[in-house]
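FYI, side chains are in, hydrogens and waters are out, and symmetry mates aren't considered; it's all heavy atoms of this structure.
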Amino acid sequence: GGSLLPERRASAGVGAARPPVGGSQYAPRFHFLTGALLAFGAAAVAALVLIVVDPGKSGGPAKDWSSWHPDTGGNTGATEIADHVSPQYRFTSGRQLVSVEASPLQIEGVPLSVAIRETAAAGGAIRVFADGGLIYRLCGLGPYCSIIQGKPSRERHLLLRREALELALYSFRYLADVNQVVVFMPPPPGQKPNQAVFFRRGDVEPEMHRPLTQSLAARVPTVRNVTLSPDATLVDQITSPKQFSYTLTPGNTENRGFLVLDPLTDAQANAPATPAKPAKKASKKRSTGTTN
């Protein structure tokens with residue numbers, strides 16, 4: 001017979017069995033992961049570009065800037081903003097501080113351009129702004145819209161400036177074509193209105209790119225605790241250089257007037273508002289039949 005030795009087999013060296021020509025069984029998974037990583041990287045780059053180009057449209061502030069917003073635009077939206085903001089500002093007693101009336105940037109139907117006269121120290125230039133804007137009038141319902149309850153003070157004036165700032169922030173955020181906001185402040189008792197707070201959209205640009213509650217505390221302070229509010233420093237920093245005395249001047253050649261703003265001096269801006277002193281009446285002396 002045949003050999004009893006086992007059959008010889010090829011060694012696992014040269015000429016050994018090789019994997020099929022089709023490649024590794026893990027190749028499809030590798031290609032899938034590579035594509036996913038490339039897609040993720042492209043999305044990250046696109047998001048970064050959006051943040052750099054338009055930070056206001058990246059994340060929460062663009063759609064969740066505030067929990068409330070006006071339902072309409074234009075003058076109606078401004079009225080909604082005034083009606084929403086004004087009831088939140090109150091005396092410690094609970095009474096509302098002032099009423100707020102909104103209107104286009106005009107007086108008795110005459111459109112206004114805003115003209116700022118800089119001080120000599122600031123260069124002495126006249127800057128005129130004729131783009132779209134609003135006027136908010138703060139009225140305490142006393143003579144000439146003065147506040148008849150309580151006493152004028154720096155704290156009360158700071159609270160009024162906070163209200164002016166909130167009106168401007170809502171207007172810039174939600175009303176199209178509003179690039180400037182003038183807020184007429186109530187005068188001290190016995191005086192006529194002559195002071196305003198004036199904002200341009202660029203003045204509050206950082207506040208437009210973060211939620212409102214990161215700029216102004218959710219709870220509106222009162223006159224008594226306004227200086228203790230977390231936003232007191234920011235409110236003072238933004239509004240202090242935006243205080244002006246104002247006058248109205250008609251234009252010469254067109255149906256347009258000028259709201260002329262003169263910056264308040266540091267002494268005027270920081271001094272508490274005080275009522276005007278009544279003029280002294282000349283005393284009448286009873287005749288004694290003699291002359292002096």
Side-chain angles (χ1 to χ4, degrees), residues 65-70 78 80-102 134-141 145-147 149-175 178 180-188 193 195-244 246 261 263-264 266 268-273:
W65 186 81
S66 64
S67 59
W68 176 91
H69 61 82
E80 288 185 43
I81 291 172
D83 292 342
H84 170 73
V85 172
S86 57
Q88 301 180 53
Y89 286 79
R90 297 177 177 270
F91 292 99
T92 307
S93 64
R95 288 188 175 184
Q96 186 172 320
L97 189 61
V98 291
S99 68
V100 180
E101 178 185 352
L134 293 169
I135 291 176
Y136 289 102
R137 294 175 177 85
L138 307 189
C139 185
L141 303 183
C145 278
S146 62
I147 300 174
Q149 180 178 344
K151 295 181 179 180
S153 65
R154 294 181 182 180
E155 291 77 13
R156 191 166 83 179
H157 197 260
L158 178 61
L159 186 60
L160 290 169
R161 283 189 278 141
R162 187 190 193 275
E163 185 170 3
L165 176 60
E166 186 168 357
L167 292 167
L169 291 177
Y170 272 113
S171 301
F172 292 140
R173 178 63 183 81
Y174 291 114
L175 303 182
V178 174
Q180 51 190 355
V181 170
V182 180
V183 182
F184 289 149
M185 304 292 279
Q195 291 191 13
V197 184
F198 175 63
F199 302 97
R200 296 280 299 172
R201 182 180 291 272
D203 298 334
V204 292
E205 195 67 24
E207 286 66 42
M208 295 291 97
H209 296 310
R210 62 185 180 220
L212 178 62
T213 52
Q214 291 186 13
S215 301
L216 298 180
R219 184 172 183 177
V220 177
T222 64
V223 175
R224 178 180 297 175
N225 62 11
V226 62
T227 57
L228 302 177
S229 179
D231 54 33
T233 299
L234 179 65
V235 170
D236 190 51
Q237 288 176 346
I238 295 177
T239 61
S240 286
K242 302 303 176 184
Q243 299 179 79
F244 299 86
Y246 69 85
L261 302 180
L264 297 183
D266 292 340
Q268 290 174 318
N270 295 325

Does [Y] offer a backbone N or O that forms a donor-acceptor pair with the side chain of [X] under 3.5 Å?
X: Asp236; Y: Thr233; answer: no
X: Arg201; Y: Val178; answer: yes
X: Asp83; Y: Glu80; answer: no
X: Ser229; Y: Ala232; answer: no

For Phe244, all residues meeting ring-ring contact (aromatic ring centres under 6.0 Å, His included), sequence neighbours excluded =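 Phe244 satisfies ring-ring contact (aromatic ring centres under 6.0 Å, His included) with no other residue.
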Atom pairs and distances, donor-acceptor, side-chain atoms in residues 91-100, under 3.5 Å, two or more places apart:
| residue | atom | partner | partner atom | Å |
| --- | --- | --- | --- | --- |
| Ser93 | OG | Gln149 | NE2 | 3.2 |
| Gln96 | NE2 | Val98 | O | 2.8 |
| Ser99 | OG | Cys139 | O | 3.3 |

In terms of the angle between their ring planes, are Tyr170 and Trp65 parallel, tilted or perpendicular, with boundaries placed at 30° and 60°?
->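 Answer is perpendicular, since the angle exceeds 60°.
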What's the separation between atom [atom1] in [X] and atom [atom2] in [Y], rounded to the nearest 0.5 Å?
X: Ile81; Y: Trp68; atom1: CD1; atom2: CH2; answer: 5.5 Å
X: Leu261; Y: Gln243; atom1: CG; atom2: CD; answer: 12.0 Å
X: Thr239; Y: Glu163; atom1: OG1; atom2: CD; answer: 12.5 Å
X: Glu205; Y: Met208; atom1: CD; atom2: CE; answer: 7.5 Å
X: Leu216; Y: Glu207; atom1: CG; atom2: CD; answer: 8.5 Å
X: Leu138; Y: Gln195; atom1: CG; atom2: CD; answer: 12.0 Å

Minimal non-hydrogen separation, [X] against [Y], with atom names:
X: Tyr136; Y: Ala82; result: CE2-CB, 4.1 Å
X: Arg161; Y: Val235; result: C-CG1, 4.3 Å
X: Val197; Y: Met185; result: CG2-SD, 3.7 Å
X: Ile238; Y: Val204; result: CG2-CG1, 4.2 Å
X: Ala196; Y: Val182; result: CB-CG1, 4.0 Å
X: Glu166; Y: Tyr89; result: OE1-OH, 2.6 Å

Show your working on side-chain contact (heavy atoms from CB on, under 4.5 Å) between Phe199 and Ser171 and close with a plain yes or no.
-> CA-CA 11 Å; Phe199 302 97; Ser171 301; over 6 Å; no
Does any pair with a residue in residues 218-234 pass salt bridge (charged side-chain N to carboxylate O under 4.0 Å, His left out), and if so which ones, sequence neighbours excluded?
->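 Found Arg162-Asp231.
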Please lay out, stage by stage, how Leu234 and Leu165 fare under the test side-chain contact (heavy atoms from CB on, under 4.5 Å).
-> CA-CA 10 Å; Leu234 179 65; Leu165 176 60; 5.7 Å; no
Carefully, step by step, assess Leu134 and Leu175 under the rule side-chain contact (heavy atoms from CB on, under 4.5 Å).
-> CA-CA 10 Å; Leu134 293 169; Leu175 303 182; 3.7 Å; yes
Report the C-alpha separation of Ser66 and Tyr174 in whole Å, then their side-chain angles, then the decisive distance to 0.1 Å, and conclude whether the side-chain contact (heavy atoms from CB on, under 4.5 Å) test is met.
-> CA-CA 10 Å; Ser66 64; Tyr174 291 114; 2.7 Å; yes
